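As the structure is a prediction and not an experimental result, all values here were calculated from the model. So that the names make sense, note that chain A is the first sequence line, chain B the second, and so on, each numbered from 1.
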Amino acid sequence: MASQPRINSTLVTVIRMAKLSKSFASGGSQKVYHFVHNQNRPDKAYTTDRAQKKGKANAASGKIFVTIPSDHFGPIPSENDPERNQGVLVGECWEDRLECRQWGAHFPHVAGIAGQSSIGAQSVVLSGGYQDDEDHGEWFLYTGSGGRDLSGNKRTSKDQSFDQKFEKSNKALQVSCAKGYPVRVVRSHKEKRSSYAPEKGLRYDGVYRIEKCWRKVGIQGFKVCRYLFVRCDNDPAPWASDEHGDRPRPLPAISELKKATDITERKEGPSWDFDVKDSRWKWAKDPPTSKKPVEAQDSTGKRTRIKIRQSHNMSVQEKLLKEFSCLICREVMSLPITTPCAHNFCKSCLEGAFVGKTFLRERKTGGRALRSQKNVLTCPCCPTDISDFLQNLQVNRELLDVIETLKSKIEEEKLCEEEEIDEEEENDEDGDENEGKGKDESNSPVETRKRAKVVDDLE
DNA sequence: CTTTGAGTAGAT
DNA sequence: ATCTACTCAAAG
């Protein structure tokens, strides 16, 4: 630990929140930002122990820097970029798909389409994987995914063996077409046939709308889904010398439409449209509401539940308390343990994660026992070997105290509130469904008792 | 240059 | 839990 000290990010977050709430209370009007629990990943993508072979495709993604959920549509604005406060700008470049993912431009790290069939598609990558693609810069023809037999380990097969259909990601793109959503577009250096592709890495080129989609028989003889993307960004394209972004332009003439089937055209007004008065592209209708937590995953693959809360929903203490959640069970920690790599878990959860695992491994060669070898046991959140630490788990008493104090404070507050609650009835304004907030288990008196008893037992 | 095989995250 | 995916680096 001394040679490689780790910052306890949970504490960092809570302390910052506590400070912010203090300055808020003392009068300064302040914008409330969402706090994202994404700190458990390193700044760069890394390779886990299991991933013996190197290669970024086998790597776990690093920290997500932006505070958008993975189903966020449209440009990524500065308010979702706490790191730099500038948002993701048109023309930004990244080394590889994982880095691109970290800035939220395109989340899937292999797939070319980000989307959900019931919601729509948020972004695509032009990466040269499909021969039928045709890039004209301000507009391009994109091919759907699928139609290939990827059984076994044929990740790279480019041979189509069946027809594409409007399902899954292809359906998602179709929804974005029908609704007129802005779709973020990333170009990859791997698209060799396009003169608009970057020389290396990936580049964010702004948002496009899918004006039409259809199916046709592709170059390989099977049907492919086709999408006409037309640029509609407020910033000029990286290759353009324009001083301003796009203006609405007439659709290009597409000759293949003559042979097209299953044509989808937008019937309603587009959600993202050019406002003539403002001379800007903007949401003409409300963007779809996010159904996902702000992105953050731990390295075990379990989902980190990110709670986005409005400040008026919870008292400061409640918000602080929520930050002390176990990285395994996601509940407020009971008997908190802090690992040398600065991750926090309930004692029972951490023990549970290693049930059946032994500290030593027997080694036998031809019947003769060799000296047993130490087993590597990695932290559930990162690749650090914590086997030594596991041998003698010590509860983080300071943390436990803070948690207990917060709980009792909240309890006091609850009691006070109940006396005044009747008068406040009509000020109720609903609207956001961010999270089933508030009155859950951890705040009940019974639970507090139980915790208090645990503390006694510990003594 | 092409081929190979790996782990990962998201959708379903 | 299972399947899919416009990756990536190393090897052939």
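If you take CG of A:D149 and P of C:dT4, they are 9 Å apart, rounded to a whole angstrom. When the C1' atom of B:dA9 is taken as reference, atom NE2 of A:H106 falls 11 Å away, rounded to whole Å. The CG atom of A:D135 sits 17 Å away from the P atom of C:dC6 (whole-angstrom rounding). Look at CZ on A:F229: it is 13 Å from C1' on C:dC6, rounded to the nearest Å. The interatomic distance linking A:R148 (CZ) with C:dC6 (P) rounds to 6 Å, in whole Å. For A:Y130 and C:dT7, the OH to C1' distance is 13 Å, given to the nearest whole Å. Distance CD (A:E191) to C1' (C:dT7): 16 Å, rounded to an integer number of Å. The CD1-P distance, from A:I64 to B:dA9, rounds to 10 Å in whole Å.
In this entry B:dT4 has C:dA9 as its Watson-Crick or G-U wobble partner, both defining distances falling under 3.5 Å.
The residue from A:K282, A:R209, A:K285, A:R280 that alone fulfils the salt bridge (Lys or Arg N to Asp or Glu O under 4.0 Å) condition with A:D273 is A:R209. No option in A:K291, A:K168, A:Q122 other than A:Q122 meets the side chain to side chain donor-acceptor pair (under 3.5 Å) test with A:Q116.
Candidate nucleotides B:dA9, C:dT4, C:dC6 were compared by shortest atom distance to the side chain of A:H109, and B:dA9 ranks first. Residue A:K292 places its side chain closer to B:dA11 than to any other of C:dT7, C:dC8, B:dA11. Closest contact between the side chain of A:R97 and the listed nucleotides B:dA9, B:dA11, C:dC6 involves C:dC6. Counting only heavy atoms from C-beta on, A:Y142 has its side chain closest to C:dC6 among B:dT12, C:dC6, B:dG10. Checking C:dA5, B:dT12, C:dT7 against every side-chain atom of A:S145, the shortest atom distance belongs to C:dA5. Considering only side-chain atoms of A:K190, the nucleotide from B:dG10, C:dC8, C:dA5 that sits closest is C:dC8.
Counting any heavy atom pair closer than 4.0 Å across all strands shown, A:I113 reaches no nucleic acid atom. Note on A:S117: only backbone sugar-phosphate atoms sit closer than 4.0 angstrom, heavy atoms only; bases stay farther off.
Around the NZ atom of A:K216, the shell of radius 6.0 Å holds more than 12 heavy atoms that belong to other residues, nucleotides or ligands. Applying the 6.0 Å contact sphere to CD of A:E268 captures more than 12 heavy atoms from other residues, nucleotides or ligands.
The shortest distance between the side-chain N/O atoms of A:R101 and the OP1/OP2 oxygens of B:dG10 is below 4.0 Å.
A centroid separation of 6.0 Å or more is found between the aromatic rings of A:Y196 and A:F140.
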